[in-house]
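Read the structure below first, then the notes.
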Amino acid sequence: MTELKDLQTRDNPTWCPGCGDYGIQAAVKGAIVAAGLSPAETVIVSGVGCGSKLPHYVRTYGLEGLHGRPLPVATGVKLANPSLTVMAVGGDGDGYGLGMGHLVHSMRRNINITYIVQDNQIYGLTTGQTSPTSAKGTRTKSTPGGAIEMPVNPIELGLASGATYLARGYAGDLPHLTSLIAGALKHRGFALIDVFQPCVTFNKVNTYDFFGKRVYRLEDDKTFEVATPGNEKAICEAVRRGREMGDRIPIGLFYKEDRATYEDEEPGLAEGRPVDVGDEVVDVAGLMEGFM
Ligand code: SF4
């Protein structure tokens with residue numbers, strides 16, 4: 001039985017004090033425990049960005065990859081050994097900017113990966129530029145006159161692209177976020193969880209105060225039902241709620257579907273996992289040195 005202390009690493013996070021990434025880190029750990037996962041059978045893959053340091057701070061297998069590329073790497077891990085639980089993490093710039101193509105194709109494939117997007121509506125690591133989820137009019141050093149583009153809406157994107165577990169969380173609501181991630185880890189298929197993650201240093205608009213006054217849990221609204229395939233009324237309502245970004249902003253599970261995964265459909269996996277070292281202890285030191 002995995003406990004929180006089993007997931008502690010020797011590294012201390014270098015995030016700014018108060019960064020929303022701390023809440024996401026805690027929720028990921030809590031969800032691994034709640035889902036009953038073994039650290040030895042769990043892999044976290046990230047891209048590049050502040051939040052992409054997460055694999056260093058959760059004691060599972062982990063890999064920090066290239067900017068915008070956590071999903072192709074996570075896909076490779078999953079196909080090499082489908083028995084692993086694979087998570088991918090990265091920021092909104094990483095996932096909805098550089099990695100957008102990978103995201104759309106991962107969703108339509110329904111590969112069994114949980115993807116957590118640390119959505120702070122800005123590029124944090126590069127000191128505060130407009131990102132794909134920045135609201136129109138956002139003023140940053142890259143858009144001093146205000147952003148002229150419409151932001152990406154992850155909920156509508158996920159509904160249109162085939163995600164089978166589609167949720168939005170908030171780094172300031174830890175129990176709720178933990179529950180959403182645990183649900184995604186237990187789900188068979190591609191799960192997208194967009195997480196509001198206040199960047200306390202560079203985003204002075206989308207703050208804890210901003211979200212604290214606005215977010216509400218979908219499950220607290222008895223008129224809302226989680227959308228499922230064929231339930232057009234509920235799907236339309238999920239779209240409408242996904243567009244709510246004013247005085248009220250919903251968090252929770254928007255859509256869920258049971259559909260065959262990419263691994264289920266891939267004939268090459270019918271004969272078993274491609275990588276199986278059995279009980280053999282493999283020394284990867286030489287291999288790793290080649291990448292250093
Ligand atoms: Fe977090 Fe922003 Fe600091 Fe990056 S710059 S660690 S996103 S608060």
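Both backbone and side-chain heavy atoms feed into the values below; hydrogens, waters and symmetry mates do not. Whatever order the structure lists ligands and atoms in, that order sets their numbers, starting from 1.
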Subject >> Proximal ligand 1 atoms for Phe202, defined as those under 4.0 Å from one of its heavy atoms >> reply: 5 (S)
Does the side chain of [X] reach to within under 4.5 Å of the side chain of [Y], using non-hydrogen atoms?
X: Asp194; Y: Tyr96; answer: yes
X: Asn120; Y: Asn206; answer: no
X: Leu218; Y: Ile251; answer: no

Original post:
Which N, O or S atoms belonging to the protein are less than 2.8 Å from atom 1 (Fe) of ligand 1?
Top reply: Cys19 SG
Original post:
Can you list the residues that meet the side chain to side chain contact (heavy atoms under 4.5 Å, CB included) rule with Arg109, with sequence neighbours excluded?
Top reply: His105, Tyr262
Original post:
Can you name the ring-ring contact (aromatic ring centres under 6.0 Å, His included) partners of His187, sequence neighbours left out?
Top reply: Tyr165
Subject >> Pairs where residues 179-193 contributes a residue and the test salt bridge (charged side-chain N to carboxylate O under 4.0 Å, His left out) is met, not counting sequence neighbours >> reply: Arg188-Asp264
